[in-house]
Structure formats: C-alpha cells, structure tokens
Chemist: 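I'd like to ask you about the structure that follows.
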2 protein chains.
Amino acid sequence: MNLSIATSGTSAFARASNMMDGQVYQFPRSPALCRESFARDEQICGGTDTLRVYQVVSGFVRQCHFLADGRRQIIAFHGEGEVFWCRNNSFGALAVEAVCPTTVMCFNKREGDLHGLTGPAWLALLHQAAMEQLTQAQEHAAMMCHRNAFERICAFLLAENRRAGGRGSMNLPMSRADIADYTGLTIETVSRNLTRLEQQGLIRISGQRFIEIVTPSALAAAQS
Amino acid sequence: MNLSIATSGTSAFARASNMMDGQVYQFPRSPALCRESFARDEQICGGTDTLRVYQVVSGFVRQCHFLADGRRQIIAFHGEGEVFWCRNNSFGALAVEAVCPTTVMCFNKREGDLHGLTGPAWLALLHQAAMEQLTQAQEHAAMMCHRNAFERICAFLLAENRRAGGRGSMNLPMSRADIADYTGLTIETVSRNLTRLEQQGLIRISGQRFIEIVTPSALAAAQS
DNA sequence: CGACAGATTGATATTCGTCAACAAACGTGG
DNA sequence: CCACGTTTGTTGACGAATATCAATCTGTCG
C-alpha cells in the first residue's frame, strides 16, 4: 500500500480526491516500528492523549464524540492510507475507534524526526492534513444543515464509493448505527432510505453490507 | 488591541478560550500597511482568491457558503483579534463578509516574510489557526447533528457570551437571519426559541440585539 | 442448529419548516 | 421633531419530515 498522506475521501461527503492538489508528503516506510493492531470497536486513541498522528495501514476507523447524555456523534471515517489524530475538545469525550480489525502506524513528533522528517517538514505534513480535514468538516456541517435524510444517504453512498475506489460496488465497513451517527439520523431512517433507494432501482443491496450503485448519475442528481 | 492570534471563540460553539494552550504567535505590529475597512454586508474575500490570511482589527465577520439552490450556510463568525482565511471548497461559493463595519489586517505569504515571519514561522502560525478552526468546525458539525433547536440556541448564546468577554450581557452583532444560517434553523424558529428562553426567565432581551443571560448555569444545562 | 445482534418495517408523536399576518425598529426626508 | 416606507423581528396555524416505540425479520457466528 501507499503510505503517503491521503486524506482524500476522509469525510464521506467530501470531494472525490484531492491527491492532485498540493504536495503529497511521504511517511517513512520504516519497518514494523510503531505499528499497532486493534480489534473491532477497540479504541485507538482518546481525548486525553498527547498529540500523536496515525495513519491507517489496513482496516477502517471512526472518529467520534461521546456526548454527556450518551449520544454519539461520528465526525469522520478514515480508510486505508488516511491520516488522523485525536485532539481534546470542549464538549464530550473524543476518541478514534476501529470499525473493523485495523492496523495503524503511529507517529509522534520525535519519531517523525528520527525518520528524517525535520520540524518544518513534519509541520507541513500535519498542516496539509489539517487543512484537508478542516474543509471536510465544514462540508459535513453544511451537509447536516441543508440536506434531508434521502439526500444525506445518497451523498454518503457516493462518497464511500469514491473512497472504495469508485468502482460502483463496495462492502461498507460500518454498521447502520455508524451511518446514522455520522449523518445525524436514526438507524430506522437510514434503513428506510436505503430501502427506498433500492426500490427506486438506484442501488442493489446484498447481505447487510454489500451495496452496488446501479445508476451513479441518478444518485448524484438525488444527493442535492 | 492585541494583534496576536486569537482564534479562541472563533466558532460560537467552541470552548471559552484557548489562548493558554500552545504558543501564541505574534503578527507584526506594522503601520497601516495592508489594513482595509469594509461596510456592513460587504465581501472581504471570495473563494477564488489565493491564500491570504486576515485578522479582524475591529468589527465582526461571517464566513459563508452560498449553495447552488440559493441557500446560505454560515460556517463561522470571527470577532476582534481572530484570524480567518478563504479556501475553495467543493460545493458552493465560499466568502467572508462583514457583519457590521469592519477593519481587517491582510497578510499574504510574501508579506509575512517581509515582516520577519520566515517560512516555517508563518506555517506554524497558519497551522495553529487551522487546528483551532478544525476543532471548532467539528464541534459545529456535531452540534448540527444531534441538538434540537432549543439546545442550539442555548449553545449559541453561551458561546457568543464567551466571545464577548463572558460578562453575561452582550450586543449581538448579527441578525436573526445570520443566527439561523449558522445554526441551521429558520429565523422563525430562532425567534421562537429566544422568546421561549425569555419566558422561562433564562435571558432578557432588550431591543433586538442586546441579550442578557440571567442564569448562565441553567442555560449551560439546557444546551445539552 | 440456535441464539443474539443488527436490520427492517409499521404506527404514532413530535419537531420544525412553511406560509401568512402583524408588530417593532430603523432610516430618510421633510 | 414627526411621517412615512422599508427592513427586521415576532407570533400563529398548519403540514411534512423524521424521531420514537414496537414488532418482526435476517444474518452471523458460536
């Protein structure tokens, strides 16, 4: 796999790919040093940690808030090659968890230096990732604001398809509950709208996780 | 005024102040060079600009998307001392506008250098601001997702109170329409919930813009 | 095969957006 | 200072969208 920074598709509602725009920073292809694996639903990092930067080697992670009343808000998903970190927030606990069995590379400033990333280079790398994620978080907020349930599901499927390579078929790593907490809907509403999309012939669902997009253009038109 | 970077309270739903955490970068206290003033509702920068960084000297600005269907989404407000910039986004036009008569300082990379901010220093400055805004954008998205209209208005008022100095009374610079576009509600819903808060005795409203928080703790409890 | 978590479907309640009317504040010109 | 028109904000009635609650179904994994 490519270990360069690929924040593209980090937010499921972000643009297709931003690998082209701007420089692509390369993480060191070191041996297994700082490589860690996590089981499904296991926490990778929490809000109280000092700033460490991770990259998904294989698997899938979710970045989430846990609000005081027990509600959960998923801020972003990250797939293979994508970079993430954990930062304290003013409300609720913040954590990154494995959606399925996941392996990550872990870097901190000192280790980054050890591998040849000097201070400014490391900062530039972090900054690029931060700017990407900022754009995506803003788009996510805008999406929550002005799209209805049906449009959100369409946008979500299109974005996940892009993340999965854009082939039109994919195995969603996340559950309906994950989708609900990411789109700000309930699992029932997510389910109803997936069913509606299938009935309209825009997608095909096999099992619970495999989804095939029959007419991408119609889905794109429906997303807003 | 203090011309150091103060992204604290940039998002109306962010924590009270983050001036303490991390380094505070200093903008050059140059003469009137690159100082610009704008009238109410005037555009300060648009989506097609190259990356320029601004700091509010006096006044108040809003950062907004204009969606294809004519709707407007306010991403963030920025008050005195706060840093902002404009960055292209995948959907809709992005712009920063003056909420009221506003004066800003404008910096671009070259000018930053001229004033003694070398490349890495400039990057560090930008990076700090980006990280702050990322946190705030994520909180904003979370708020849109899982809070109802009443909770959003409570959170908005508390955050604006923090930005205004936390004294419990403030003159809101923005209109109901601005609040609506920031919270993802309609002006009617904003108005109804402000009235409800006043009827419950949590706030007092004088004129259209002046708001006094009677019981901050109750408001904090109501925000979720 | 059986048990259990996850997903779907249906009935109902609630919230918020829409439309409409009205009220208050503001600005302008006399 | 007032009169007027315009903008902005408030309030009410109603309907549509989505959450909630409940029952059932399906897939997965031991």
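First the proteins, then the strands, lettered A, B, ... as listed; each starts at 1.
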Chemist: What does B:Arg196 touch in the nucleic acid at a heavy-atom separation under 4.0 angstrom: a base, only the sugar-phosphate, or nothing?
Modeler: nothing
Chemist: So, does B:His140 use its side chain to make a donor-acceptor pair with the main chain of B:Tyr182 at under 3.5 Å?
Modeler: yes
Chemist: Can you label the angle between the B:Tyr54 ring and the B:Phe84 ring as parallel, tilted or perpendicular, going by 30° and 60°?
Modeler: parallel
Chemist: Between CD of B:Glu151 and OG1 of B:Thr183, what distance do you get to the nearest 0.5 Å?
Modeler: 12.5 Å
Chemist: Extract, from 5' to 3' on DNA chain D, the first and final nucleotides lying under 4.0 angstrom from some heavy atom of chain B.
Modeler: D:dT8 to D:dA13
Chemist: Determine whether A:Gln223 and A:Leu157 satisfy the following criterion, side chain to side chain contact (heavy atoms under 4.5 Å, CB included), listing intermediate values before the conclusion.
Modeler: CA-CA 9 Å; A:Gln223 84 172 327; A:Leu157 289 178; over 6 Å; no
Chemist: Do the side chain of A:Thr195 and the main chain of A:Ser191 share a donor and acceptor less than 3.5 angstrom apart?
Modeler: yes
Chemist: Shortest non-hydrogen contact from A:Gln133 to A:Gln63?
Modeler: OE1-OE1, 4.5 Å
Chemist: For DNA chain D, whose closest nucleotide is more 5', that of B:Arg40 or that of B:Gln199?
Modeler: B:Arg40
Chemist: Can you tell me if A:Arg196 uses its side chain to pair, donor with acceptor, with the backbone of A:Phe150 under 3.5 Å?
Modeler: no
Chemist: I need the residues from residues 168-178 of chain B with at least one non-hydrogen atom less than 4.0 Å from DNA chain D; give them sorted by number, or say none.
Modeler: B:Ser175, B:Arg176
Chemist: Within a radius of less than 6.0 Å around CZ of B:Arg40, do more than 12 heavy atoms belonging to other residues, nucleotides or ligands occur?
Modeler: no
Chemist: For the atom pair CD (B:Glu160) and CD1 (B:Ile211), what is the distance rounded to the nearest 0.5 Å?
Modeler: 10.0 Å
Chemist: Quick one: what's the B/S/- string for nucleotides 10-25 of chain C, heavy-atom cutoff under 4.0 Å, read 5' to 3'?
Modeler: BB----SSBB-----S
Chemist: Please say whether more than 12 non-hydrogen atoms of neighbouring residues, nucleotides or ligands are located less than 6.0 Å from CZ in A:Arg209.
Modeler: yes
